[in-house]
Undergrad: 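Submitted below is the structure of interest, expressed as structure tokens.
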Amino acid sequence: MKIGELSRATGVSIRLLRYYEEQGLLVSERSAGGHRQYAADAPATVARIRGLLAAGLSTRVIRDLMPCFAGDGIALQACVLDHLTTQLADLEARIADLSDARTALLGILDASTRSPAQLSA
DNA sequence: GTTCTTACA
DNA sequence: TGTAAGTA
């Protein structure tokens, strides 16, 4: 199907569909004058992309995840699990950094309560 | 009329 | 992401 049809079928703008392709999340064949041609299961792929995006995954992670869906059953599960555990580790590292920043900020605030001059230091 | 690429807001 | 321009 053509990009306009896929757009109407998924409710995703043509602009965004091209962006997904640019990010390596969606693939398409080219025909005639270079027009994109999508497989019949493209709507399902787009739905999967939107689901993962809604789960807070970055386009980068989703891109790495796409090859997993080529397989099925346990293979798919192992592949996805591997990427998601990595994603979880990254997320926890960020939480740790934010927590440290929070502690530091609270410290500055607490000190300024006793001596406002501390704010300029 | 639809799609394409590039580029700017 | 939207939109404009100039094509195919």
Side-chain angles (χ1 to χ4, degrees):
Chain A
M1 63 181 88
K2 292 186 298 184
I3 196 169
E5 302 175 308
L6 180 59
S7 177
R8 282 191 292 280
T10 61
V12 174
S13 70
I14 290 176
R15 177 74 172 79
L16 194 48
L17 289 175
R18 294 205 188 98
Y19 179 68
Y20 286 164
E21 181 172 319
E22 187 183 307
Q23 297 304 302
L25 309 183
L26 189 62
V27 295
S28 72
E29 303 286 300
R30 294 287 183 147
S31 66
H35 290 196
R36 273 168 263 254
Q37 195 65 204
Y38 296 94
D41 66 341
T45 300
V46 173
R48 192 160 55 210
I49 291 171
R50 299 191 77 190
L52 294 172
L53 242 23
L57 300 188
S58 65
T59 56
R60 164 62 205 289
V61 172
I62 297 176
R63 186 220 307 154
D64 294 340
L65 223 47
M66 296 315 284
C68 296
F69 296 101
D72 66 324
I74 188 142
L76 185 160
Q77 208 167 50
C79 185
V80 173
L81 222 52
D82 180 60
H83 283 84
L84 294 189
T85 47
T86 296
Q87 172 68 5
L88 182 61
D90 290 347
L91 182 61
E92 292 180 330
R94 271 189 285 155
I95 289 174
D97 286 344
L98 287 173
S99 181
D100 288 346
R102 187 182 80 113
T103 299
L105 186 53
L106 283 174
I108 293 173
L109 243 27
D110 182 60
S112 66
T113 293
R114 312 178 193 307
S115 173
Q118 291 296 312
L119 282 178
S120 60

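Lettering of chains follows the sequences in order, A, B, ..., and the numbering in each one begins at 1.
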Undergrad: Which atom pairs, one a donor and one an acceptor, fall under 3.5 Å between side chains of residues 10-17 of chain A and the rest of the protein, sequence neighbours left out?
TA:
residue : atom : partner : partner atom : Å
A:Thr10 : OG1  : A:Leu6  : O            : 2.8
A:Thr10 : OG1  : A:Val12 : N            : 3.2
A:Ser13 : OG   : A:Leu16 : N            : 3.1

Undergrad: Are A:Ile49 and A:Val27 joined in one hydrophobic group, where the rule is that I, L, V, M, F, W and Y side chains link up if heavy atoms are under 4.5 Å apart?
TA: no

Undergrad: Just distance, no hydrogens or angles: give the donor-acceptor pairs under 3.5 Å from side chains in residues 28-35 of chain A, sequence neighbours left out.
TA:
residue : atom : partner : partner atom : Å
A:Ser28 : OG   : A:Glu21 : OE1          : 3.0
A:Arg30 : NH1  : A:Gly34 : O            : 2.7

Undergrad: Considering only heavy atoms of chain A and a distance under 4.0 Å, specify the first and last nucleotide of DNA chain C in 5' to 3' order that meet this criterion.
TA: C:dT1 to C:dT3

Undergrad: Is A:Tyr20 reachable from A:Phe69 through a run of hydrophobic residues whose side-chain heavy atoms are each under 4.5 Å from the next?
TA: yes

Undergrad: Let's see if you get this right: which residues in residues 12-27 of chain A place a heavy atom under 4.0 Å from DNA chain C?
TA: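 Going residue by residue through residues 12-27 of chain A, the ones with a heavy atom under 4.0 Å of DNA chain C turn out to be A:Ser13, A:Arg15, A:Leu16.
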
Undergrad: Salt bridge or not for A:Arg94 and A:Asp90, using N-O below 4.0 Å?
TA: no

Undergrad: So where does chain A start and stop touching DNA chain B, 5' to 3', when the test is distance under 4.0 Å to a non-hydrogen atom?
TA: B:dT3 to B:dT5

Undergrad: Spell out, as yes or no, whether a donor-acceptor pair under 3.5 Å connects the side chain of A:Thr113 to the backbone of A:Leu109.
TA: yes

Undergrad: Tell me, which of residues 46-66 of chain A have any heavy atom that sits under 4.0 Å from an atom in DNA chain C?
TA: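 Correct list: empty, so none.
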
Undergrad: Report yes or no: do A:Leu76 and A:Leu25 belong to one cluster of Ile/Leu/Val/Met/Phe/Trp/Tyr joined by side chain heavy-atom distances under 4.5 Å?
TA: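 Per the 4.5 Å side-chain linkage, A:Leu76 and A:Leu25 are co-clustered.
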
Undergrad: Indicate yes or no for a side-chain donor-acceptor contact from A:Ser7 to the backbone of A:Ile3 under 3.5 Å, with no hydrogens or angles considered.
TA: no

Undergrad: At a heavy-atom distance below 4.0 Å, what parts of residues 35-43 of chain A sit against DNA chain B?
TA: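 Heavy-atom contacts with DNA chain B come from A:His35, A:Arg36.
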
Undergrad: Can you name the salt bridge (Lys or Arg N to Asp or Glu O under 4.0 Å) partners of A:Arg114, sequence neighbours left out?
TA: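 Only A:Asp110 meet the salt bridge (Lys or Arg N to Asp or Glu O under 4.0 Å) criterion with A:Arg114.
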
Undergrad: Throw together a table of side-chain donor-acceptor distances under 3.5 angstrom for residues 100-107 of chain A, partners on residues two or more places apart or in other chains.
TA:
residue  : atom : partner : partner atom : Å
A:Thr103 : OG1  : A:Ser99 : O            : 3.1

Undergrad: Could you name each residue pair satisfying disulfide (SG to SG under 2.5 Å) that touches residues 9-95 of chain A, not counting sequence neighbours?
TA: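 Qualifying pairs: A:Cys68-A:Cys79.
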
Undergrad: Donor-acceptor check, side chain of A:Ser115 to backbone of A:Ser112, threshold 3.5 angstrom: yes or no?
TA: no

Undergrad: Side-chain atoms of residues 37-46 of chain A: list all donor-acceptor pairs with protein atoms under 3.5 Å, sequence neighbours left out, distances to 0.1 Å.
TA:
residue : atom : partner : partner atom : Å
A:Gln37 : OE1  : A:Met1  : N            : 3.4
A:Thr45 : OG1  : A:Asp41 : O            : 3.4

Undergrad: Using the rule given for side chain to side chain contact (heavy atoms under 4.5 Å, CB included), can you reason through A:Thr86 versus A:Val61, listing the C-alpha separation, both sets of side-chain angles and the distance that settles it, and then say yes or no?
TA: CA-CA 10 Å; A:Thr86 296; A:Val61 172; over 6 Å; no

Undergrad: Would a hydrophobic clustering, with Ile, Leu, Val, Met, Phe, Trp and Tyr connected at side-chain separations under 4.5 Å, put A:Leu81 with A:Ile62?
TA: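 Result: no, two separate clusters.
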
Undergrad: State which residue, out of A:Arg48, A:Gln87, A:His83, A:Arg60, fulfils the side chain to side chain contact (heavy atoms under 4.5 Å, CB included) condition with A:Leu65.
TA: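 Of A:Arg48, A:Gln87, A:His83, A:Arg60, side chain to side chain contact (heavy atoms under 4.5 Å, CB included) with A:Leu65 is met by A:His83 alone.
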
Undergrad: Convert the base pairs of DNA chain C into dot-bracket notation, remembering that pairs crossing earlier ones are written with [ ] and that bases paired across to another strand are shown as |; include only Watson-Crick or G-U pairs under 3.5 Å.
TA: ||||||.|

